[in-house]
S.K.: 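Structure in structure tokens, see below.
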Amino acid sequence: MARPMSRLEDEAALRATAELYAAGADRRDKALWARILTEDCVLEGPHFRVEGRDANLANIDLLERMFLKTQHRVHNQMVTVDGDTAEGETYSTADHLSEADGERRLLCGTIRYQDKWRREGGEWRFSHRRLIVDWEETRVIGHV
């Protein structure tokens, strides 16, 4: 029988899901996201709500259509574990590079995720992520 995870192991595994989520978005890696989202996962934020793993994997396509590149960084995270469920808040910053009208623009956001996880098969996965944008700015960074 496998030994249950300690609190510190759970916290490290939960942080890893946030880091893998960021890497999956930036690499446009649906397989990576599929590993860390529950089948019934809900992702929501300003002006969107997407339910189900398959529907959320399509968000990767949307990122690719909207932006040349993205870079998401994970900062502090506070979590509470209760058996095979967890809740918490993950702070992040994200940069989104786009091109329009002969200019390259960078959309920079300071964001927080209100997260819920569920342990499935010994692995932590997001069951719900709510994106809160604290502030953002757009900068012109060069001409094409």
Side-chain angles (χ1 to χ4, degrees), residues 1-100 104-142 144:
M1 182 172 184
R3 175 182 69 79
M5 285 187 178
S6 72
R7 180 181 61 82
L8 291 176
E9 289 171 318
D10 281 331
E11 289 175 359
L14 292 166
R15 180 173 177 87
T17 62
E19 292 169 344
L20 291 170
Y21 182 93
D26 295 339
R27 296 176 186 163
R28 312 298 193 250
D29 189 337
K30 290 181 184 182
L32 189 53
W33 267 26
R35 285 181 29 212
I36 59 165
L37 301 179
T38 61
E39 188 174 327
D40 61 347
C41 180
V42 174
L43 299 181
E44 65 177 310
H47 315 295
F48 76 91
R49 179 182 171 91
V50 181
E51 298 182 23
R53 179 189 297 136
D54 291 340
N56 275 296
L57 294 180
N59 289 334
I60 297 283
D61 298 328
L62 181 62
L63 276 176
E64 189 156 22
R65 283 193 306 274
M66 292 178 66
F67 304 106
L68 299 172
K69 293 190 178 287
T70 58
Q71 186 177 78
H72 295 77
R73 291 167 297 286
V74 177
H75 303 294
N76 47 312
Q77 185 180 63
M78 292 77 59
V79 298
T80 302
V81 177
D82 183 13
D84 287 335
T85 62
E87 292 188 15
E89 184 171 65
T90 304
Y91 282 59
S92 298
T93 51
D95 296 330
H96 302 78
L97 181 64
S98 64
E99 194 173 276
R104 287 201 170 189
R105 295 187 175 105
L106 192 63
L107 171 64
C108 306
T110 301
I111 56 181
R112 291 176 290 126
Y113 292 98
Q114 301 293 308
D115 291 323
K116 292 182 182 181
W117 295 265
R118 188 167 59 235
R119 190 184 342 239
E120 296 179 342
E123 301 292 326
W124 286 106
R125 293 183 172 87
F126 288 110
S127 58
H128 194 143
R129 271 202 124 183
R130 185 165 66 95
L131 168 69
I132 298 167
V133 178
D134 286 330
W135 66 83
E136 61 186 11
E137 71 170 317
T138 302
R139 296 180 255 173
V140 175
I141 61 168
V144 183

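These numbers come from a predicted model, not from an experiment. Reckoned from all heavy atoms, side chains included, excluding hydrogens, waters and symmetry mates.
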S.K.: Crowded around Lys116 NZ? As in, over 12 foreign heavy atoms under 6.0 Å?
M.R.: no
S.K.: Nearest 0.5 Å, please: how far is CD in Gln71 from CG in Leu106?
M.R.: 9.5 Å
S.K.: Strictly by ring-ring contact (aromatic ring centres under 6.0 Å, His included), give each pair with a member in residues 16-65 just once, sequence neighbours left out.
M.R.: Tyr21-Trp33, Tyr21-Tyr113, Tyr21-Phe126
S.K.: What I want to find out is whether Asp40 reaches Arg53 closely enough, with some N-O distance under 4.0 Å, to be called a salt bridge.
M.R.: no
S.K.: Check side-chain hydrogen bond (donor to acceptor under 3.5 Å, both in side chains) between Arg125 and all other residues, then give those that pass, not counting sequence neighbours.
M.R.: none
S.K.: Who are the side-chain hydrogen bond (donor to acceptor under 3.5 Å, both in side chains) partners of Asn59, not counting sequence neighbours?
M.R.: Asn56
S.K.: Salt bridge (Lys or Arg N to Asp or Glu O under 4.0 Å): which pairs involve residues 64-77, sequence neighbours left out?
M.R.: Arg73-Asp95
S.K.: Nearest heavy-atom pair of Ile60 and Gly24: which atoms, and what distance?
M.R.: CD1-O, 3.6 Å
S.K.: In terms of side-chain heavy atoms, does Ser92 have a donor or acceptor partner in His75 at a distance below 3.5 Å?
M.R.: no
S.K.: Does the pair Glu11/Arg15 count as a salt bridge with the N-to-O cut at 4.0 Å?
M.R.: no
S.K.: Is there side-chain contact between Asp134 and Arg112, with at least one heavy-atom pair below 4.5 Å?
M.R.: yes
S.K.: Are a donor atom and an acceptor atom from the side chains of Gln77 and Thr90 found within less than 3.5 Å of each other?
M.R.: yes
S.K.: Run the side-chain hydrogen bond (donor to acceptor under 3.5 Å, both in side chains) check on Thr17 and Trp124 step by step: do they pass?
M.R.: CA-CA 7 Å; Thr17 62; Trp124 286 106; over 6 Å; no
S.K.: Looking only at side chains, do His128 and Glu87 share a donor and an acceptor under 3.5 Å apart?
M.R.: no
S.K.: Testing the basics here: between Thr38 and Ser127, what is the closest heavy-atom pair and its distance to 0.1 Å?
M.R.: OG1-CA, 3.4 Å
S.K.: Identify, with sequence neighbours excluded, every residue that meets side-chain hydrogen bond (donor to acceptor under 3.5 Å, both in side chains) alongside Asp26.
M.R.: Thr70, His72
S.K.: Charged N to carboxylate O under 4.0 angstrom, Arg139 versus Glu137?
M.R.: yes
S.K.: For Glu51, check side-chain hydrogen bond (donor to acceptor under 3.5 Å, both in side chains) against everything at least two apart and list the hits.
M.R.: Arg49
S.K.: Could you give the distance from CD (Glu44) to CZ (Arg130), rounded to the nearest 0.5 Å?
M.R.: 6.5 Å
S.K.: Between Gln114 and Ile132, is there a side-chain heavy-atom distance shorter than 4.5 Å?
M.R.: yes
S.K.: Starting at CG of Asp84, measure out to CZ of Arg118 and round the result to the nearest 0.5 Å.
M.R.: 10.0 Å
